[in-house]
Amino acid sequence: MATTEFDTSLPSIRQVQNLIKQTATVELKLLTGDLLTGRVLWQDPQCMCIVDENSQQITIWKQAIAYIKPKS
């Protein structure tokens, strides 16, 4: 069974970890064109979970994300 390492030396992993620590609201654009807004709760090597304004948790495959940015 192969294990995927969670490489915290990667800038993208560190950036998302900082967003989690700051409980920052982010805008997440998916490759489908959908735009999600919420706070990142957690990430693992394949997915991340955000919670939206209705306290609904949404798990997103990282490969489906076009971009993620802090909401001003």
Side-chain angles (χ1 to χ4, degrees):
M1 186 164 113
T3 59
T4 306
E5 279 296 313
F6 194 61
D7 189 352
T8 55
S9 70
L10 296 173
S12 61
I13 301 290
R14 287 198 315 268
Q15 180 190 29
V16 174
Q17 285 302 116
N18 282 333
L19 292 169
I20 294 168
K21 285 179 194 160
Q22 297 163 6
T23 64
T25 299
V26 297
E27 216 173 71
L28 206 90
K29 178 89 166 197
L30 303 183
L31 296 175
T32 58
D34 294 305
L35 188 62
L36 304 174
T37 303
R39 289 182 299 105
V40 183
L41 291 182
W42 55 262
Q43 68 171 332
D44 65 22
Q46 289 84 31
C47 298
M48 69 174 47
C49 181
I50 68 166
V51 61
D52 68 13
E53 65 275 1
N54 301 317
S55 299
Q56 184 172 10
Q57 291 187 22
I58 306 164
T59 302
I60 302 132
W61 287 94
K62 287 182 175 178
Q63 64 196 24
I65 299 171
Y67 69 78
I68 181 171
K69 70 177 184 178
K71 193 164 163 75
S72 347

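These figures come from a predicted structure and were not determined experimentally.
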Mind checking whether Thr59 and Met48 have side chains closer than 4.5 Å, heavy atoms only? no
A side-chain contact here means heavy atoms from C-beta on lying under 4.5 Å apart; do Val16 and Trp42 qualify? no
Listed once per pair and sorted, the side chain to side chain donor-acceptor pair (under 3.5 Å) pairs that draw on residues 11-24, sequence neighbours left out: Gln17-Gln43
Looking at every non-hydrogen atom in both residues, tell me the closest pair between Leu35 and Tyr67 and how far apart they are. CD1-OH, 4.3 Å
Between Pro70 and Leu19, what is the shortest heavy-atom contact and its length? CG-CD2, 4.0 Å
Stepwise side chain to side chain contact (heavy atoms under 4.5 Å, CB included) check, Ile20 with Leu41: CA-CA 6 Å; Ile20 294 168; Leu41 291 182; over 6 Å; no
List in chain and number order the residues that pass salt bridge (Lys or Arg N to Asp or Glu O under 4.0 Å) with Lys62, two or more places apart in sequence or in another chain; answer none if no residue qualifies. none
Rounded to the nearest 0.5 Å, what separates atom CZ in Arg39 from atom OG in Ser55? 8.0 Å
Partner set under side chain to side chain contact (heavy atoms under 4.5 Å, CB included) for Asp7, not counting sequence neighbours: Ser9, Leu10
Say you draw a straight line from CD1 of Ile58 to SG of Cys49; how long is it, rounded to the nearest 0.5 Å? 8.0 Å
Thr37 and Thr25, any side-chain heavy atoms less than 4.5 Å apart: yes
Given side chains that start at C-beta, do those of Gln56 and Val51 come closer than 4.5 Å, heavy atoms only? no
Considering the options Asp52, Val26, Ile68, Leu30, which one meets the side chain to side chain contact (heavy atoms under 4.5 Å, CB included) requirement together with Leu36? Leu30
Counting only heavy atoms not in Lys71, do more than 12 fall under 6.0 Å of its NZ? no
